[in-house]
Amino acid sequence: MVLKRLALALALLLAAAFAQSEKPLLAGGTLLTAVYPGDFGVSYVEAQPFARALGLLYWQDQGQLILGLGPRRLRYVATPVPASKTALKKLVTAEQPPALRDGDRVLIPLRATSRALGALYSGSETSLRVLLPEASLRGLSHRVEDGRDVVVLRLDRDLNAAPAGAGSWWLLGLRAEEQVREVQGLYLSRIRFEPGPYGARLVLEGSEGWPVEVAYFPSEVRFYVGPPAQPASDRRPLVVLDPGHGGDDDGVRYGNLAEKTIVLKVAREAAQRLRRQGYRVVLTRDGDENPSVYTRAQWAAKADVFISLHVAGSPAVPPGPVLYRYAGSRPDVPVFVARARTLLDRGGFQPVLRRFARSSGEVAALSDAVEEAFGRIGLSARRAETPLYLLEHAPGAALLVELGSLTDANDRARLSNAAQQSAYAQVIVRAVARFLGGQP
């Protein structure tokens, strides 16, 4: 009898702790119910119907749930309702209230969730309302990239896209007039917008039967139409261009000319031209930053062709370009690289050894190709050796190329001229294409 009374008292205590008033809630165009756990003035709503009403992505397991709107992801850990009313008050009145698990339901804090989604929240003594403002289309573009059509929608807020039949999607909450855009794509012929009850319907004519990937970015949705590039393309030779210095390290400087700026311009254009020809290219830096020697060496270790670009600045150095190759093995060179080079030079088994290093003859072939390309623009390149860390640890065909000297007036005039910088970039492109056989 005593146990029964205790159980009844505990049940009453739990019921009191979770006492709640209710209000009608209009979420989008759907009527739901908002509840107030413990009657502490903090509104909650059942998560799944709320997500459905606003067109949100929804995922839930035993421990957490996720709501999604475009690129936004709201993650909640579902906390069991505490037996103590004091503990419940502490939870729901916190600055970031948690989700609450109430039996089979998961409740989420209404005001905090609305704020995180950019939704409009309003209330009165008798009812509440949450809605996402209508979205507007700010721009539409189409391009062909990596063998796929890419359609980019720029918007004034985040939204979700839901399948609406073959080749079409609902853009939930988007206000858009009926329009047609003719395109010349690999798969697409036209892009159409049709007004609908849930937003605008996007029709990608020509995408039927082909894979379509939807990607979300801030205030932007992209559609990728067609199969992705084949993994086999990753087996193409990797060309790594290393523009020297960067960030707070200017390298050589003469007046307002800085080595870091010159070599970055040359490397960027060379990379762009090589990519257009189908080569796989990486820049060790693509801005005014200064990667560590270790970071650069990591890229050098992966490269089939590695070219580090620099400019000389000592009056003792003769003018004109200089091609530096590694100066022979040292004790700190990785053993597998040093031995592979040695065995290659002695006629070792090529298919295995070439996985670890290029022979000295292949490095010389790259040097020949660069020298010949400089000759095409009227410059004679000298050759030298250096024990540079990057070259010593690069198992591929690796060179350091000094484009010229800033202390020489003729070199300086060339290095500061945009047309000549472009010519230097074409030297790198011709040399790499010749070394790799002229084919991507």
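Only heavy atoms go into these numbers, but all of them, side chains included; no hydrogens, no water, no symmetry mates. Worth saying up front: this structure is predicted, and the values here are computed from it rather than measured.
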Please tell me if the side chains of [X] and [Y] come closer than 4.5 Å, counting only heavy atoms from C-beta onward.
{"X": "Val221", "Y": "Leu159", "value": "yes"}
{"X": "Tyr187", "Y": "Leu204", "value": "no"}
{"X": "Val239", "Y": "Val282", "value": "no"}
{"X": "Glu402", "Y": "Tyr324", "value": "yes"}
{"X": "Arg222", "Y": "Val214", "value": "no"}
{"X": "Leu283", "Y": "Asp286", "value": "yes"}
{"X": "Leu188", "Y": "His142", "value": "yes"}
{"X": "Val203", "Y": "Glu205", "value": "yes"}

Mind listing the closest non-hydrogen atom pair of [X] and [Y] along with its distance?
{"X": "Pro243", "Y": "Ala267", "answer": "CG-CB, 3.5 Å"}
{"X": "Ser141", "Y": "Arg154", "answer": "OG-NH1, 3.9 Å"}
{"X": "Asn290", "Y": "His245", "answer": "OD1-O, 3.5 Å"}
{"X": "Arg148", "Y": "Leu186", "answer": "N-CD1, 3.9 Å"}

For this session: Determine, stepwise, if the pair Arg376 / Glu372 fulfils salt bridge (Lys or Arg N to Asp or Glu O under 4.0 Å).
Result: CA-CA 7 Å; Arg376 288 194 176 199; Glu372 188 273 339; 3.1 Å; yes
Exercise. Does the pair Arg382 and Glu371 meet the rule for a side chain to side chain contact (heavy atoms under 4.5 Å, CB included), with working shown?
Worked result: CA-CA 8 Å; Arg382 294 178 292 109; Glu371 184 177 2; over 6 Å; no
Problem set entry | Charged N-O contact under 4.0 Å between Glu134 and Arg175 |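 Looking at Arg175 together with Glu134, the answer is yes, because their closest N to O distance falls below 4.0 Å.
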Problem set entry | Polar side-chain atom of Arg296 near backbone of Pro291 as donor-acceptor pair, under 3.5 Å | yes
Exercise. So, does Arg275 use its side chain to make a donor-acceptor pair with the main chain of Arg280 at under 3.5 Å?
Worked result: no
Which donor-acceptor pairs under 3.5 Å do the side chains of residues 40-50 make with protein atoms, sequence neighbours left out?
{"unit_1": "Ser43", "atom_1": "OG", "unit_2": "Tyr121", "atom_2": "OH", "d": "3.2"}
{"unit_1": "Tyr44", "atom_1": "OH", "unit_2": "Pro98", "atom_2": "O", "d": "2.9"}

For residues 107-114, dump all side-chain donor-acceptor pairs below 3.5 Å to protein atoms at least two apart in sequence or in another chain.
{"unit_1": "Thr113", "atom_1": "OG1", "unit_2": "Tyr76", "atom_2": "OH", "d": "2.7"}
{"unit_1": "Thr113", "atom_1": "OG1", "unit_2": "Pro109", "atom_2": "O", "d": "2.6"}
{"unit_1": "Ser114", "atom_1": "OG", "unit_2": "Leu110", "atom_2": "O", "d": "2.8"}

Problem set entry | Aromatic ring proximity Phe223/Trp169, centre distance under 6.0 Å | yes
Please set out all donor-acceptor pairs under 3.5 angstrom arising from side-chain atoms of residues 177-184, sequence neighbours excluded.
none

Exercise. Can you tell me how far CG of Leu406 sits from CG of Leu403, rounded to the nearest 0.5 angstrom?
Worked result: 10.0 Å
Exercise. If you measure only the distance, is there a donor-acceptor pair under 3.5 Å linking the side chains of Ser122 and Arg129?
Worked result: no
Problem set entry | Partner of Lys260 by salt bridge (Lys or Arg N to Asp or Glu O under 4.0 Å), out of Asp242, Asp249, Asp288 | Asp288
Exercise. Within 45° of the ring axis of Tyr254 and under 6.0 Å from its six-membered ring centre, is that where the NZ or CZ of Arg412 lies?
Worked result: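 Cation-pi check for Arg412 and Tyr254: passes.
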